[in-house]
Amino acid sequence: MSEWLALALAMAGACLVVVAVVLLRNRRVADDEDTSETPDVIEYITMMIGVVYAIVLGLAIAGVWESRSAAQDDVQREAQALHEVSARAEVFPADYRAVVDKDVDAYVSFVVDTEWHYMKTEGEISPEGTDLLAKLRADVAARAPQNDIEAQAYQAMMDKIATADEARNSRGGNVGPTMPGVVWFGLGIGAVITIGMLFALQIRRSPRELVLAGTFSALFGFLLFLIWDFDDPFGRGMSVTTEPFLNLFPFLGG
């Protein structure tokens, strides 16, 4: 099922449930029920519940968006560090440079072609990718610098590999859902209570009131779906992409 279809079903389902409850409720309402006035206390409580839940939703959306942005930044940092390793190897002899470039290309190819799918299915980074990065570090460290220029480049390359390793570990830490289950419980209960308070306002079967109630519930369905989609930075529709690797290593696109 595509993400857009899932979103449409979530919004339509929330809307249909509210409309169906309104229609069923009004079938059982007495003909002489007075709906001309809603007690002020009910309107006040409904407003306060809506405000509190809106704050909770806003914090949840901000939290998952921040996690996704941090994950994307980690990927950009990792790709940039590896690109710098290849660039700084230019001052070394051709045979050493070829080994470094081969290791870098092997690692980024594995990340893009294999590890990205592995993270989605297994929920963690691949041990093979860790081994490839370790091999790059070992091959870079295998040759002692012969002059000042090589010494400067050598230290910079080791620092960039450390940066890539750190970014990789951060990427692994962001694999899978990031929001605790208790937060999801609160979001679900809050949505039920907030939408349920609509019925305390004595909604009738008029088209205008049904449209407003349905739209309100569909909006909640959209926001909860948005939080769910952002909650897993690497595993869902609007997930973190491999674009930084593709931009810095054009051969991957082929």
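Excluded from the calculations below are hydrogen atoms, water molecules and symmetry mates; all remaining heavy atoms, backbone and side chain alike, are included. Quantities reported herein were computed from a predicted structural model and do not represent experimental measurements.
Under the side chain to side chain contact (heavy atoms under 4.5 Å, CB included) criterion, Gln72 pairs with Val75, Val240, Thr241, Pro244, sequence neighbours left out. For Asp139, the side chain to side chain donor-acceptor pair (under 3.5 Å) partners two or more places apart in sequence, or in a different chain, are Lys135. Applying the side chain to side chain contact (heavy atoms under 4.5 Å, CB included) criterion to Lys102, with sequence neighbours excluded, gives no partner residue. For the side chain to side chain donor-acceptor pair (under 3.5 Å) test, no residue two or more places apart in sequence or in another chain qualifies with Asp232. The side chain to side chain donor-acceptor pair (under 3.5 Å) search around Asn169 returns none, not counting sequence neighbours. Under the side chain to side chain contact (heavy atoms under 4.5 Å, CB included) criterion, Ala141 pairs with Tyr154, Met158, not counting sequence neighbours. The ring-ring contact (aromatic ring centres under 6.0 Å, His included) test applied to Trp65 returns Phe230, not counting sequence neighbours. Residues forming a side chain to side chain contact (heavy atoms under 4.5 Å, CB included) with Val100 (at least two apart in sequence, or on another chain): Val85, Ala89, Tyr96, Val104, Leu136, Val140, Met157. For Phe216, the ring-ring contact (aromatic ring centres under 6.0 Å, His included) partners two or more places apart in sequence, or in a different chain, are Phe220.
Contact of the Asp165 side chain with the Arg137 side chain is registered, since non-hydrogen atoms from C-beta on lie closer than 4.5 Å.
For residues 105-129, the pairs satisfying ring-ring contact (aromatic ring centres under 6.0 Å, His included) are Trp116-Phe234, with sequence neighbours left out. Judged as a salt bridge (Lys or Arg N to Asp or Glu O under 4.0 Å), the pairs with a partner in residues 147-156 (not counting sequence neighbours) are, in order, Arg143-Glu150.
Hydrophobic cluster membership is shared by Leu224 and Met179, with clusters built from Ile, Leu, Val, Met, Phe, Trp and Tyr side chains linked at under 4.5 angstrom. Put simply, Val192 and Phe222 are part of two different groups of oily side chains (I, L, V, M, F, W, Y) that touch within less than 4.5 Å, one to the next. The hydrophobic clustering, which links ILVMFWY residues whose side-chain heavy atoms are closer than 4.5 Å, places Phe251 and Leu246 together.
A salt bridge between Arg77 and Asp74 is present, with a side-chain N of the basic residue lying under 4.0 Å from a carboxylate O of the acidic one.
Counted within 6.0 Å of CD on Glu243, heavy atoms from surrounding residues, nucleotides or ligands total 12 or fewer; the atom is thus considered open. Remark: Leu219 CG is packed, more than 12 non-hydrogen atoms of other residues, nucleotides or ligands lying under 6.0 Å away.
Among Glu166, Glu124, Glu115, the single residue meeting the salt bridge (Lys or Arg N to Asp or Glu O under 4.0 Å) criterion with Arg171 is Glu115.
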Pairs under 3.5 angstrom only: tabulate donor-acceptor contacts from the side chains of residues 50-59 to other protein residues two or more places apart or in another chain.
from, atom 1, to, atom 2, distance (Å)
Tyr53, OH, Leu187, O, 2.6
Tyr53, OH, Ala191, N, 3.4

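Heavy atoms only, all atoms of each residue included: Ile125 and Thr130 are closest at CD1-OG1, 4.5 Å. Of all non-hydrogen atoms in Pro233 and Ser67, the two that sit nearest each other are CG-O, 4.4 Å.
With values rounded to the nearest 0.5 angstrom, Leu82 atom CG is found 9.5 Å from Thr163 atom OG1. Rounding to the nearest 0.5 Å places CG of Leu226 at 5.5 Å from CD1 of Ile61. Considering CD of Gln76 and CG of Asn247, their distance stands at 7.5 Å, rounded to 0.5 Å.
A donor-acceptor pair is defined here as one N or O able to donate and one able to accept, closer than 3.5 Å; such a pair exists between the side chain of Arg97 and the backbone of Phe92. Checked by atom type and distance alone, the side chain of Gln80 never pairs as donor or acceptor with a backbone atom of Glu78 at under 3.5 Å.
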Please assess Trp184 against Asp231 for the test side-chain contact (heavy atoms from CB on, under 4.5 Å), listing each intermediate value before the final yes or no.
CA-CA 11 Å; Trp184 277 114; Asp231 187 35; 3.5 Å; yes

